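Just so we're on the same page: letters track the sequence lines, and every chain starts at 1. On a predicted model such as this, the values are computed, not experimentally measured, just so you know.
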Protein chains: 2
Amino acid sequence: MDTSGETRRQDRSDGSPASEEAAHRPRDARGTRTRILHAAGAVFAERGYEAATVRDIAGRAGVNQALIFRYFGSKKALLTEVMAQGGKEQLLHTPPDRLFETALRGVLAEDGGEPGSDRLLAVYLRSIGSADAAPETVRALGEEYAAALAALSSADDGTLRAQLAMAWLLGIGLMRVVVGQEPLASAEPEEICRHVLTALDGLLRDEVLPRDGRAPAGRAAKRRPDERP
Amino acid sequence: MDTSGETRRQDRSDGSPASEEAAHRPRDARGTRTRILHAAGAVFAERGYEAATVRDIAGRAGVNQALIFRYFGSKKALLTEVMAQGGKEQLLHTPPDRLFETALRGVLAEDGGEPGSDRLLAVYLRSIGSADAAPETVRALGEEYAAALAALSSADDGTLRAQLAMAWLLGIGLMRVVVGQEPLASAEPEEICRHVLTALDGLLRDEVLPRDGRAPAGRAAKRRPDERP
DNA sequence: TAGCGTTGTAAGCGCGTGCTTACACCAGGG
DNA sequence: CCCTGGTGTAAGCACGCGCTTACAACGCTA
């Protein structure tokens, strides 16, 4: 059913027409664009890139499908645009030592609340098999995350360790969002978080192979900011 | 390029025709079936289910595409058949306490050697976004692995822990095989194996929340069977 | 040899896809 | 009024897809 088909036509005679980011004007290019983007995110997340059709997306957005090509050029470009939005914000606004936990909680929170959520991870995971824009985006984004994470470790293979941690994130998301394996899919984020952070505590530091003479257990005193009592 | 187009027509007058799994006889239903299965595995692994076409598969197998439907009925049934082959053998022939490490090494060995390898994991990962036969198969297989792994732990959430471990396997495979993120994709299996097994050592046992009175720090002494010196 | 079931093949059907085109609507300016 | 440019729309094009059909080639038995 159409979820946004009736709040479109509204008279602007009461307010100032100068508000450029305002709610839907009768012929609002920017609003249409964002509606298409949002609908595309939902459809890509549900069906994956190949199975999603531009007619589906246009129908969900309540626009003519030709507009999709006017605004984005092609279906593939639409996917790229969808994946590009909101990717790096977390990276910029989170201190590195809390980055992994924040990303993990984001992954864990993604599946439950469908309304409002962008479900970007689902788009990645469901489109990663084809489209070859998804793997590239995931690789690029993952490399930035891994680089930030690798700075936490003084090990020479810090990047590898960080990527292993990122791989776990993706795998958990895969199992929960796409595969839906129980009890993982319905498990409490807190419980998963605790298990994963505990297991990775050594990996993201230097506990393994302290070959360069650093104190092997020295980082244990420098505890990560953990909210559990 | 056709890799198997010339060794098909061979006279069987020299050998015994009773060998049922033998090389290609002129009109060999079983051989054709296996050729289709093998080609389908390769194409599904490379392109994913949706992007793979039966014409591709038929071409790679060197058969007419109508034969695919005669032998398997539909493209989806072909995928199911491809995924079904060889899934549980490892589960049956590996003792549980070595199961995870064996599966991990299988995942790590899958990407490099393309010729000969079945690349079953790549089929799973690339087809998991759509086709909805892949998620079901992965879920079913994963549940059996997790159940076997859960028996190793006396914790009441052993299944959850096992599934978290399986999720890491899938995630690592995703990053290596599909995304191809460096340095993870080219890292030595031994190195990854060491990191992962070390990190998961506590998860698959009872270190977390030793509420039932087991020794909390006992895992340092109770070492896992590790091949590293 | 003819008959018959199995295996392989050429051709194409129907359909849904991404994408395009031609055109209607709506504003602002002369 | 017409013109211009931005926005929305209906219709359809060309193509590749999964799948089907009619038929030829072959191996076997009699």
Side-chain angles (χ1 to χ4, degrees), chain A residues 2 4-5 8-13 17-18 20 24-36 39-40 43-44 47-82 127 130-133, chain B residues 2 4-5 8-13 17-18 20 22 24-36 39-40 43-44 47-59 61-82 127 130-133:
Chain A
D2 193 344
S4 64
R8 292 174 58 192
R9 301 259 159 187
Q10 72 177 31
D11 199 1
R12 77 195 185 285
S13 61
E20 57 187 50
H24 323 131
R25 281 165 289 166
R27 291 165 61 89
D28 181 14
R30 191 187 306 253
T32 303
R33 225 188 106 98
T34 48
R35 280 230 308 284
I36 292 174
V43 177
F44 283 149
R47 307 223 224 296
Y49 175 77
E50 297 278 353
T53 71
V54 295
R55 285 170 175 84
D56 278 340
I57 297 170
R60 173 108 47 145
V63 304
N64 191 285
Q65 66 154 331
L67 287 186
I68 291 182
F69 296 96
R70 193 203 296 287
Y71 282 115
F72 298 96
S74 70
K75 183 192 177 187
K76 189 170 180 175
L78 217 204
L79 173 70
T80 305
E81 198 104 357
V82 167
S127 306
S130 45
D132 70 64
Chain B
D2 193 346
S4 64
R8 293 174 57 193
R9 302 259 157 187
Q10 72 176 31
D11 199 1
R12 76 194 187 286
S13 61
E20 57 186 48
H24 324 130
R25 281 165 288 164
R27 291 164 60 88
D28 180 13
R30 191 186 307 252
T32 304
R33 227 188 104 99
T34 48
R35 279 230 309 284
I36 293 174
V43 177
F44 283 148
R47 307 224 223 297
Y49 175 78
E50 298 278 353
T53 71
V54 296
R55 285 171 173 84
D56 278 340
I57 297 170
V63 304
N64 190 285
Q65 66 155 330
L67 286 186
I68 291 182
F69 296 95
R70 193 206 294 289
Y71 282 114
F72 299 96
S74 71
K75 182 190 177 188
K76 189 170 181 175
L78 217 204
L79 173 70
T80 304
E81 198 104 359
V82 166
S127 307
S130 47
D132 72 61

Task: Net bend of the helix from C:dT1-D:dA30 to C:dG30-D:dC1, end axes of five pairs each, nearest 10 degrees - done: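 Both end axes considered, the difference amounts to 30°.
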TODO: Residues of residues 47-56 of chain A with any non-hydrogen atom less than 4.0 angstrom from an atom of DNA chain D: list those, numerically ordered, please.
DONE: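 Of all residues in residues 47-56 of chain A, the ones placing a heavy atom under 4.0 Å from DNA chain D are A:R55.
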Task: Contact residues, residues 67-75 of chain A to DNA chain D [heavy atom, < 4.0 Å] - done: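 Output list: A:L67, A:R70, A:Y71.
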Shortest non-hydrogen contact from [X] toward [Y]:
X     : Y     : value
B:K75 : B:E50 : NZ-O, 3.7 Å
B:E81 : B:F72 : CG-CE2, 3.9 Å
A:I68 : A:V54 : CD1-O, 3.6 Å
B:A40 : B:V82 : CB-CG2, 3.8 Å
B:V63 : B:L67 : CB-CD1, 4.1 Å
B:G62 : B:R35 : O-NH2, 3.9 Å

Can you tell me how far [atom2] of [N] sits from [atom1] of [X], to the nearest Å?
X     : N      : atom1 : atom2 : result
B:N64 : D:dA22 : CG    : C1'   : 13 Å
A:I36 : C:dG18 : CD1   : C1'   : 15 Å
B:L79 : D:dC17 : CG    : C1'   : 17 Å
A:Q65 : D:dT7  : CD    : P     : 19 Å
B:L78 : D:dC17 : CG    : P     : 16 Å
A:I57 : C:dC19 : CD1   : P     : 11 Å
B:D28 : C:dT7  : CG    : P     : 9 Å

Open item on the list: Just so I know, are the side chains of A:I57 and A:F44 near enough to count as touching, which here means a heavy-atom distance under 4.5 Å?
Closed with: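 Yes - at least one pair of side-chain heavy atoms lies under 4.5 Å apart.
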TODO: May I ask you to decide if B:K76's main-chain N or O and B:Y49's side chain share a donor-acceptor pair within less than 3.5 Å?
DONE: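 Judged by distance alone, yes, a pair lies under 3.5 Å.
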Task: Spacing of B:T32 atom OG1 and B:Y71 atom OH [to the nearest 0.5 Å] - done: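 If I round to the nearest 0.5 Å, the distance is 4.5 Å.
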Task: Which nucleotide in C:dT20, D:dC19, D:dT7 has an atom nearest any side-chain atom of A:A66 - done: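 Given the options C:dT20, D:dC19, D:dT7, the side chain of A:A66 is closest to C:dT20.
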